[in-house]
Amino acid sequence: MGIDVIWINPIYQSPNDDNGYDISDFYDIMDDFGTMADFDELLKEVHDRGMKIILDLVINHTSDEHEWFLESRSSKDNHYRDFYIWQPGKPDGSPVNNWESFFGGSVWEYDEQTGEYYMHIFSKKQPDLNWENPRVGKRLYEMTNWWLEKGIDGFRVDAITHIKKKKGYPDLPNPKNRTFVPSNSGHANQPGIDAFLSEFVERTIKNYDVMTVGEAGGAKFEEARHWIGEEDGYFNMIFQFDHLGLWKAKDGELNMDELKKAMTKWQKGLEGQGWNALFIENHDQPRSVSTWGEDNAFRKTSAKAFATFYFFMQGTPFIYQGQEIGMTNVRFDSIETYNDTGLINLYEHETKNGMSYEEMMSYIWKNGRDNARTPMQWSSAPQAGFTTGTPWFGVNPNYPDINVEEAVKDPDSILNYYKKMIKLRKHTPALIYGSYELIAEAHPHVFAYLRLYKNVRYAVIVNLFNAATEIRLSDDLEIEELLLSNYSLIDELNPSMQLGPYEARVYRLANS
Ligand code: TEU
C-alpha cells in the first residue's frame with residue numbers, strides 16, 4: 001500500500017478476555033499468534049522492507065492471571081499487594097464507591113481470599129495497577145525498555161490517561177440516582193498524572209529514537225502541549241476522540257457543525273506545537289463506512305469520501321485493517337456469537353433491566369466494537385481466506401464481494417484509492433507540512449479545507465452527505481489541477497462545483 005509503520009494490537013501472552021488487552025506475561029507472545037522467534041522474524045522482515053513496527057503498551061492494568069496479581073491477591077502482606085488497588089468495602093459490605101467500569105457494573109470486584117475489593121476500570125479480569133507504588137513504575141520501565149532494546153520502533157500507549165486515580169476514591173455525584181455512575185471524572189486525566197508520565201518517559205522512550213502515540217481519552221485540548229509538545233511533550237502524538245460519535249447526532253445524521261469544530265480545533269491548535277494522529281476507525285469503533293458513510297449503493301464512494309476528508313489533514317494518518325477495502329459492520333443474529341466482553345456485559349445488564357432482544361441487538365449492530373473485529377477479508381475462499389481452520393470470531397458474510405483479492409484487481413477499488421492517496425501525500429510537502437485552513441465553514445454538507453505551504457496551496461473538498469450539493473470557491477482560489485477524485489466524470493476546473501453524493505476532490509491551486 002505504501003505505508004511506513006505497522007501498529008499491532010496486543011500480541012502478548014494473555015487469557016484473551018479483552019482481545020489481548022489483558023496481559024498475563026509482558027515478555028511472551030500469545031500462543032494463538034506464535035512464538036517470540038516468530039515475532040523476531042516479523043520484526044526483521046518488516047525492517048528489511050524499510051518499514052517499522054509499533055506495539056501496544058498496556059500499562060494501566062494487567063490480566064488477573066499475571067503473576068503480580070496472583071501474588072497480590074494471595075494475602076494482604078504479600079510483597080505484590082500494593083501493585084494493585086485494594087480497598088475494604090463500605091461498612092455494609094458494598095463496593096468502595098459508585099464508580100462504573102467502562103465495561104459495565106462496578107469498578108470494584110470483591111475478593112474472598114482477603115476480604116477486600118480491587119479496582120478494575122475495564123473488565124474484572126483487568127485489575128488496575130497502582131502507579132502510586134514506585135515499585136510498579138520500576139517494573140514497567142524495565143519491561144518497556146526490554147522491548148525497546150529488542151529494536152521495536154515505538155508504542156501506541158493504551159488508556160494512558162487513566163493511570164492516576166482520584167485520591168481517596170470518593171463517590172461521584174449521582175443526580176439520577178443510579179447504582180453506578182460513569183467514572184471518568186474519578187480516573188481520567190487526574191491532577192498528578194504528569195508526575196507519573198514525566199518519569200515514565202524520562203526512564204524509557206526519551207532514550208530511544210522511537211515513535212509514540214498515546215491513547216488519550218479525556219485529555220483536554222488545552223493541555224495538548226503537555227502531551228505532545230514538540231519540545232517536551234510525553235508522546236509524539238495522541239489519539240483524541242472529539243470527532244468520534246458525531247455521526248450519532250441528529251437521528252443518526254452527521255453533525256457537520258461539531259465535526260468542523262472538532263477537527264479544526266486540533267488542526268489549528270497544534271500548528272507549530274505538536275502533531276496530530278489522524279483516524280476514523282480503530283478496533284474499538286464500528287466501521288466508518290457503516291456509520292459515517294453508507295454501506296450499500298454508495299459503499300465505495302462514501303468510503304473514499306471519508307478517507308479523503310481525514311487523510312490530507314496535518315498529522316499522521318492511521319488506517320485500521322479492513323478500512324482500506326471498505327469492510328462494513330456485521331449483524332450476527334445471536335449474542336452468543338459475539339466476543340467483546342464490554343458488549344456482553346452490557347447485553348446482560350440491559351436485557352435484565354427490560355430492554356428487548358431486538359432493541360439490544362440493533363444497538364450492538366450499530367455501535368458494537370465487534371463490528372470492526374471480524375477477521376480480515378483476504379479473498380472469496382471459505383472464511384474469507386483468513387484461515388483454513390475455524391476462525392476465532394465470525395467472518396462477515398459479505399466477504400465474497402468485499403475482499404482484498406477483488407480490490408487489488410479493481411482499478412476503481414477503495415484499496416487502489418488509498419494507494420493513490422498515500423502516494424499523493426508522500427510526494428506533496430504541502431500535504432505533509434502545510435498549515436490547515438477550514439473553508440466553506442457554514443456549508444451544511446461539504447467539508448473543505450486548504451493546505452498551505454510556502455506559497456503553494458491545495459484544496460480538499462468533500463461532500464459528506466448522500467445527496468448532490470453545490471459549492472463555489474471564493475475568487476482568490478484559482479484551481480490549477482485536479483489531483484484526485486472519487487468520481488470519474490467531472491467538470492475539472494470550474495470554481496462553481498456541482499458535487500454528487502459523497503463526491504471528494506483534491507485540487508492544486510494557483511500559487512498565492
Ligand atoms: O481502550 C481504552 C478506552 O476504552 C478508553 O481509553 C476510552 O477510549 C476513553 O477513555 C474514552 O473516554 C483501550 C483499548 O483500545 C481497548 O480495546 C481496551 O479494551 C481498553 O483500552 C482496555 O485495555
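Whatever order the structure lists ligands and atoms in, that order sets their numbers, starting from 1. These numbers come from the heavy atoms of this one structure, side chains and all, not from hydrogens, waters or symmetry mates.
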Q: Please work out which of Ile160, Asp158, Asp340 has its closest non-hydrogen atom nearest to atom 13 (C) of ligand 1.
A: Asp158
Q) Which atoms of ligand 1 are found less than 4.0 Å from any heavy atom of His162? A) 5 (C), 6 (O), 10 (O)
Q) Hey, what's the ring geometry for Tyr80 with Phe83, parallel, tilted or perpendicular (30° and 60° as the breaks)? A) perpendicular
Q) Under 4.0 angstrom from ligand 1, any heavy atom of His120? A) no
Q) Atoms of ligand 1 less than 4.0 Å from Arg156 heavy atoms? A) 14 (C), 15 (O)
Q. Salt bridge between Lys164 and Glu132, side-chain N to carboxylate O under 4.0 Å?
A. yes
Q) Closer than 4.0 angstrom: is that true for some heavy atom of Gln240 and an atom of ligand 1? A) no
Q: Specify the protein heavy atom at minimum distance from atom 19 (O) of ligand 1: its residue, its atom name, and the distance to 0.1 Å.
A: Asp18 OD2, 2.5 Å
Q | Matching residue for Gln377 among Asn398, Asn403, Thr328 - test: side-chain hydrogen bond (donor to acceptor under 3.5 Å, both in side chains) | A | Asn398
Q) Hey, which of His187, His61, Lys165, His120 is the one that makes side-chain hydrogen bond (donor to acceptor under 3.5 Å, both in side chains) with Asp128? A) Lys165
(Q) With a sphere of 6.0 Å drawn around NZ of Lys265, does it hold more than 12 non-hydrogen atoms of other residues, nucleotides or ligands? (A) yes
Q. In the protein, what heavy atom is nearest to atom 9 (C) of ligand 1, and what distance, to one decimal place, separates them?
A. Gly217 CA, 3.7 Å
Q | Atoms of ligand 1, numbered as shown, that sit under 4.0 Å from any heavy atom of His61 | A | 22 (C), 23 (O)
Q: Measure the distance from atom 1 (O) of ligand 1 to every protein heavy atom, then report the residue, atom name and distance (to 0.1 Å) of the closest one.
A: Glu215 OE2, 3.1 Å
Q: Considering the heavy atoms of Arg373, write down every atom of ligand 1 situated less than 4.0 Å from one of them.
A: 17 (O)
Q) Numbering the atoms of ligand 1 from 1, which are under 4.0 Å from a heavy atom of Arg369? A) 16 (C), 17 (O), 18 (C), 19 (O)
Q | Nearest option to atom 3 (C) of ligand 1, as decided by whichever heavy atom of Phe241, Phe239, Phe122, Phe102 sits closest | A | Phe122
Q: Establish, yes or no, whether a centroid distance under 6.0 Å links the rings of Trp86 and Tyr117.
A: no
Q) With a cut-off of 6.0 Å (strictly less than), are more than 12 heavy atoms of other residues, nucleotides or ligands near NE2 of His47? A) yes
Q | Heavy atom of the protein closest to atom 12 (O) of ligand 1 (residue, atom name, distance) | A | Asn184 ND2, 3.7 Å
Q. If you look at every heavy atom in Ala219 and Asn189, which pair is closest and at what distance?
A. CA-ND2, 3.7 Å
(Q) Return the closest protein heavy atom for atom 15 (O) of ligand 1 as residue, atom name and distance. (A) Asp284 OD2, 2.5 Å
(Q) At less than 4.0 angstrom from any non-hydrogen atom of Phe103, what atoms of ligand 1 do you find? (A) 19 (O)
Q: Hey, can you tell me if Phe200 and Tyr141 have their rings parallel, tilted or perpendicular (30° and 60° cut-offs)?
A: tilted
Q | Side-chain heavy-atom pair Pro286, Thr291 within 4.5 angstrom cut-off | A | yes
